[in-house]
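As structure tokens, the structure follows; a few thoughts come after it.
Protein chains get the first letters and strands the later ones, always in sequence-line order, with residue 1 at the start of each.
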Amino acid sequence: MRLNIVVCIKQVPHPEHFHEIKLDPESQTINRRGIPAILNPPDKHALEEALQLKERYGGTITAVSMGPPEASQIMEEAYALGVDRSILLCDPLFAGADTLATARALAIGIQRLGEVDLILCGTHSMDGATGQVGPQLAEILGFPFIGFVRKMEIQERGTVLAERTIERGYLKVEGSLPLVLSVTKEINTPRLPTVIGIMEATQKEIYTWDTKELGIDPALVGIEGSPTRVSGIFERRLSRKGELLQGDPEEVIRKAIKRLRELEALR
Amino acid sequence: MDFNLTREQEMLRNMVREFAEKDLAPKALELDNKGEFPADVIKKMCELGLGGTLGKKEYGGSAMGHLASILSVEEISRVYPPAGFCLEGIHSAIALIQNAGTEEQKKNLLPRLIKGEKIPCVGVTEATGGSDPSVMQTVARPEGDEFVIDGRKVWITLAPVADIICFLATVDGKATAFYVEDGTPGFEKGHRADQVGLKSVPIGEFAFTGCRIPRSNMIGKEGGGLPAALTVFSTVARPNVAAIALGVAEGAYEVALKYCKERKLYGAPIANLQAIQFSLADMSTEIEAARWLCYYGVWKADQGKSVREVAVDTARAKVFATEVAIKTCVRATQLMGGYGLSPEYEVIRRLQDALELFPAAGTSEIMRVTIGRSITR
């Protein structure tokens, strides 16, 4: 069974530099200038799963992202890992999109690809962290959705048998192709690109589709098409204060419990 | 002037950094303590293509270039210098065969070396020294379609584990390059050196006693060994060793900087003290200077400059970067107090590694001779 797989990916600020991100209370935006951008780490697991499925069943992998021109870097990285096609949905009109407007743009882009069997996403993006784009995409496309998948198998009858992580264990869920899945980091260990993969990646074309090319009504995408708006952004300041308790271990434990009760951390 | 890396080089650097931090960092201490050749690490590096950055595509390489080759060595050495040193040995052997070998040798040997299926080494140094080939005592006597080799090589990186051994021997007094496969009668590996640093890199000696090899094992022309070896030393071995030194310095500096930001004295991080800042400032300045010297020489090689034009810059890079590595590691040990001196922590181990780089691919004195001659002729 050959599979036509789409992997949704996103460029995010490098998590190691999150503390350098500045908030602009006037414009209600995040200033990411000077912060290195990377491929969203959870999306690497989705790409890896697609690569392993292609190795097993054959088929094609298309990486799709919505983002600014700089996001072409992650499209190149997807090529370096071995995807067959990288498509960047890029238009100033996409700017300011919430999850629904993002999912709409992705859905229209994916519909343009023709027959698709499987759409893989990471569980969430490291910056927005809503985890909503995958399910919204499935809803718009009319596909089933299985989230937080830690293991998956393609069944001969054209279904996916998946283990879906829940709080105290997992659920076994079966869904018919075509469907959308979000995968957790437990599902695999993402590979690194090879040097030859990197060399080839920079020679490949990144297909860039704008709103005109996609035939999207601008009112449905970007800030215009977003039903949710950021009403305010606030910086959380952490202030930690340490206290040193001294004495023999038993005495220190008694003091610690007493102190924690005073602070209402223990009842 | 464009100081930017190409997109390919940037992606390579990111990939190698991720590999080094995820795969090498957790086992660096254990590998150092065991002192065993990290065969699985070498295999993985070659699978990623790090052995073949200089190899042409027809032999399975990526032909990404000299700068790419040292970027990967630098990133590996920032975390685990012994693996960077092994990579230098592989790069040098591949370059020697690719530059000087016959088409048959290239087709036969290079794909296996690039894939990491076979480990190579390059043996020039003898007990009497390595920088003056006129005293070389290993001889190759022609007999029909064969050469009969007698002699001994010492201090050869990767020799104890090598499958393909490249070496220089004199034919009628003229230095000539050859290779021999491990297991050939008359070829024997000897003592593995005990080292103060780079403990998991096998360095040792080998000897020939009436060892017969076919004429087809001659690399390049009869008498062409010296220019072939010097080309490899100038364009590959020395810049690779310089990049190991750069990586060692960066690794030690980063550990020390983190420590200084976290270690508190009188209620504030010691990084706030001007005396500490001066030391960190000197370290970072010297590292940046070393970086650009390292990159400049190989950038010229990638631009197609002659070996002669490149040699003086790579000699400068090698002497400067190795000395910066040692200075940086010493400063880092000072900044970190007792933690700086414990082998459980990285810095003292990196100082030991840095000391091993002094003689590698030519001592600092020989580098200064090369530089001195070029500016006074």
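B:E18 and A:K44 are joined by a salt bridge, as a carboxylate oxygen and a charged side-chain nitrogen come within less than 4.0 angstrom of each other. The existence of a salt bridge linking B:E346 and B:K258 is excluded, since no basic side-chain nitrogen approaches an acidic carboxylate oxygen closer than 4.0 Å.
Interface residue B:T53: only side-chain heavy atoms are found under 4.5 Å from chain A. If you measure heavy-atom distances from A:E76 to chain B, the contacts under 4.5 Å come from both the backbone and the side chain.
By the 30° and 60° cut-offs, the orientation of the rings of A:H17 relative to A:H19 is parallel.
The greatest number of non-hydrogen atom pairs below 4.5 Å with chain B, out of A:T194, A:I196, A:I198, is found for A:I198.
Considering only heavy atoms from C-beta on, B:V16 stays 4.5 Å or farther from B:L71 through its side chain.
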